[in-house]
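Quick notes on the structure that follows.
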Amino acid sequence: MATKLRLQRHGKKGKPFYHLVAADSRAKRDGKFIEKVGIYNPNTNPATIDINFDSAVDWVMKGAQPTDTVRAILSYKGVMHKVHLNKGVLKGAFDQKEADKRFAAWMKEKEAKIEGKMDQLAKDADKANADRLAAEKKVSDERAAAIAEANAPEPVVEEAPAEEAAVEATEEAPAAEAVEEAPAAEVATEEAPAAEAAPAEEAKEEAPAEESKEEE
């Protein structure tokens, strides 16, 4: 009997998840199967893969043919590399201890890559969240500024009170009067010498009369 390792679809429309099963190659995709080997959920990031490692290795060693997608999944989890090392042991290329050592080194390197990918995904998620918050804050600030500008009162031009205008008019009035009276004072100053000259002339006219009395 030809056996295949393939995915069996489950879940709802738009969000499927799969069972990884060993089944007769003549059976329907979602029909009867021999053994459930694991699950595969592509809806998470990274995808969730949970398999029975030893069972998967055993089925591949027995000649079960994985589909392309299942082969990629098994390679990602190290099943295909383990099968390759086991075949090397059977051929006498190296012993089981060396095979286990090589597989441990491969798994360590693989885990480091996975951890690095997880860290990068976390950083990308944090950056995306920070950018989203910054964009929301910018929109909120612009909206608040527009509302404040729309609600701002119109500037009022202050006018001088009527009482201050009256005080200024009163202060300017005496100055105008002083300017008008200034010429009159100058006229009085100019007439003063004429008045002083009159008594002198009278004195001259009286002087001859006194002289004539002395002659007599």
Side-chain angles (χ1 to χ4, degrees), residues 3-23 25 27-62 64-88 96-152:
T3 307
K4 295 192 71 173
L5 293 174
R6 63 189 183 193
L7 296 177
Q8 191 177 72
R9 181 184 173 116
H10 294 271
K12 60 184 180 180
K13 184 177 180 180
K15 288 188 177 181
F17 68 91
Y18 302 90
H19 290 173
L20 197 159
V21 299
S25 59
K28 294 181 180 180
R29 185 196 66 178
D30 299 331
K32 186 178 179 180
F33 59 89
I34 302 171
E35 182 185 356
K36 178 182 175 182
V37 180
I39 61 170
Y40 168 61
N41 183 5
N43 299 308
T44 60
N45 188 15
T48 301
I49 302 173
D50 184 15
I51 64 173
N52 186 333
F53 188 87
D54 293 335
S55 180
V57 171
D58 185 54
W59 276 108
V60 175
M61 291 295 293
K62 289 179 180 178
Q65 294 297 315
T67 62
D68 291 342
T69 304
V70 172
R71 181 180 292 276
I73 292 172
L74 297 180
S75 295
Y76 179 78
K77 298 302 289 186
V79 171
M80 302 307 294
H81 187 63
K82 182 66 173 177
V83 169
H84 171 71
L85 293 174
N86 287 347
K87 288 181 178 180
Q96 187 63 45
K97 185 177 180 180
E98 179 64 20
D100 294 341
K101 181 180 178 181
R102 292 185 183 185
F103 182 74
W106 185 90
M107 286 298 297
K108 185 177 180 180
E109 182 181 355
K110 185 69 173 181
E111 288 174 357
K113 291 180 180 179
I114 294 172
E115 186 177 353
K117 182 179 180 181
M118 294 291 291
D119 291 341
Q120 186 61 42
L121 288 173
K123 290 179 181 179
D124 293 343
D126 292 341
K127 184 177 183 302
N129 189 43
D131 293 342
R132 179 180 58 80
L133 292 176
E136 290 178 357
K137 186 178 183 301
K138 181 179 179 181
V139 172
S140 179
D141 292 344
E142 291 177 352
R143 187 178 301 167
I147 293 173
E149 183 179 355
N151 295 335

Has [X] got more than 12 heavy atoms of other residues, nucleotides or ligands less than 6.0 Å from its [atom1]?
X: E142; atom1: CD; value: yes
X: E136; atom1: CD; value: yes
X: R132; atom1: CZ; value: yes
X: M118; atom1: CE; value: no
X: K101; atom1: NZ; value: no

I need the minimum non-hydrogen distance between [X] and [Y], along with the two atoms involved.
X: A47; Y: P42; result: CB-CA, 4.0 Å
X: M80; Y: S75; result: CG-OG, 3.3 Å
X: V70; Y: P66; result: CG1-CB, 3.8 Å
X: S55; Y: V37; result: OG-CG2, 4.4 Å
X: D100; Y: K82; result: OD1-NZ, 3.3 Å
X: N41; Y: P16; result: OD1-O, 4.1 Å

Would you compute the distance between atom [atom1] of [X] and atom [atom2] of [Y] and round it to the nearest 0.5 angstrom?
X: L133; Y: K138; atom1: CG; atom2: NZ; result: 15.0 Å
X: F53; Y: D58; atom1: CZ; atom2: CG; result: 12.0 Å
X: K117; Y: L121; atom1: NZ; atom2: CG; result: 6.5 Å
X: W106; Y: L85; atom1: CH2; atom2: CG; result: 10.0 Å
X: Y18; Y: I39; atom1: OH; atom2: CD1; result: 13.5 Å
X: D68; Y: I73; atom1: CG; atom2: CD1; result: 11.0 Å

Apply the test salt bridge (charged side-chain N to carboxylate O under 4.0 Å, His left out) to residues K137 and D141: give CA-CA distance (whole Å), side-chain angles for both, the deciding distance (0.1 Å), then the verdict. CA-CA 6 Å; K137 186 178 183 301; D141 292 344; 3.0 Å; yes

Do [X] and [Y] come close enough that some side-chain heavy atom pair is under 4.5 Å?
X: D50; Y: Y40; answer: no
X: T67; Y: L5; answer: no
X: T69; Y: L7; answer: yes
X: K77; Y: I49; answer: yes

Before giving the answer on side-chain contact (heavy atoms from CB on, under 4.5 Å), spell out for Q65 and T3 the whole-Å C-alpha distance, their side-chain angles and the decisive distance to 0.1 Å. CA-CA 6 Å; Q65 294 297 315; T3 307; over 6 Å; no

For a side-chain contact (heavy atoms from CB on, under 4.5 Å) check, start with the C-alpha distance between V83 and L74, then their side-chain angles and the critical distance, and finish with the verdict. CA-CA 10 Å; V83 169; L74 297 180; over 6 Å; no

Going by the salt bridge (Lys or Arg N to Asp or Glu O under 4.0 Å) test, which pairs reach into residues 10-21, not counting sequence neighbours? none

Sequence neighbours left out, what passes side-chain contact (heavy atoms from CB on, under 4.5 Å) with M107? Give chain and number order. F103, E111

Spell out, as yes or no, whether a donor-acceptor pair under 3.5 Å connects the side chain of Q8 to the backbone of G31. yes

Given the options R6, R9, H10, H19 meets side chain to side chain donor-acceptor pair (under 3.5 Å) only with H10

